[in-house]
Structures are given as structure tokens and as C-alpha cells.
Amino acid sequence: MDRVGLPRPRWYLLVEQESLTVNLYQLQGSHYVERSTAKAGEVLELAEPVRATIRPEDLLA
């Protein structure tokens, strides 16, 4: 399937299961830039694209 011209999400959250790390990326032009990261035991507080509090270990509990 040809993906040229398909819209790309402005934001995405990557969850690394082995390291219990979450990374928030934002689309800037044609590539993604890391905006926030949190490891197990830390808290990721988001204001964009939505307000959220994420604890990595809670995602995989």
C-alpha cells in the first residue's frame, strides 16, 4: 500500500515495555521531535495534546 499523501498524527506516545519508558513525540515539519520522556518511578505530565498524568509502570500493570 502506498502511504504517500496520507496524514500523519501530530503527536504519538511510544511505550517501551522492557525499560518501562514512555516518550512523547510531536511532528515538526517532516519528522518527529521528542517532547517529553519518563521512566519507571517518574511521572509524565502532559498539557498537550491532552492533559494527562502518566506513570509508565501503570501502563503495563
Side-chain angles (χ1 to χ4, degrees):
M1 179 170 91
D2 185 8
R3 294 178 184 240
V4 175
L6 290 178
R8 295 172 66 184
R10 289 184 17 207
W11 298 85
Y12 76 88
L13 188 66
L14 177 65
V15 178
E16 298 286 344
Q17 294 180 354
E18 289 187 23
S19 63
L20 288 177
T21 302
V22 293
N23 299 290
L24 179 67
Y25 293 91
Q26 180 183 24
L27 183 62
Q28 291 270 308
S30 61
H31 64 281
Y32 287 92
V33 176
E34 184 179 293
R35 292 296 179 204
S36 299
T37 189
K39 300 173 190 164
E42 299 178 346
V43 176
L44 182 63
E45 295 281 348
L46 305 179
E48 289 185 86
V50 296
R51 287 192 182 276
T53 300
I54 300 172
R55 291 173 183 80
E57 59 272 15
D58 291 346
L59 296 175
L60 301 171

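Side chains are part of it too, since the values below use all heavy atoms of this structure and drop only hydrogens, waters and symmetry mates.
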Q) Does Leu14 sit in a hydrophobic cluster with other residues, and if so which ones, taking ILVMFWY side chains as linked at heavy-atom separations under 4.5 Å, directly or through other members? A)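 Tyr12, Tyr25, Leu27, Tyr32, listed by chain and number.
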Q | Of all pairs that satisfy side-chain hydrogen bond (donor to acceptor under 3.5 Å, both in side chains), the ones with a partner from residues 43-53, not counting sequence neighbours | A | Glu45-Thr53
Q: May I ask you to test the Thr21-Val15 pair for a side-chain heavy-atom distance under 4.5 Å?
A: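 With C-beta onward as the side chain, the pair stays apart.
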Can you give me every donor-acceptor pair (side chain of residues 33-44, partner residue at least two apart or in another chain, under 3.5 Å) with its distance?
from, atom 1, to, atom 2, distance (Å)
Arg35, NE, Gln26, OE1, 2.8
Arg35, NH2, Gln26, OE1, 3.4
Thr37, OG1, Val22, O, 3.2
Thr37, OG1, Asn23, OD1, 2.6
Glu42, OE1, Lys39, N, 2.9

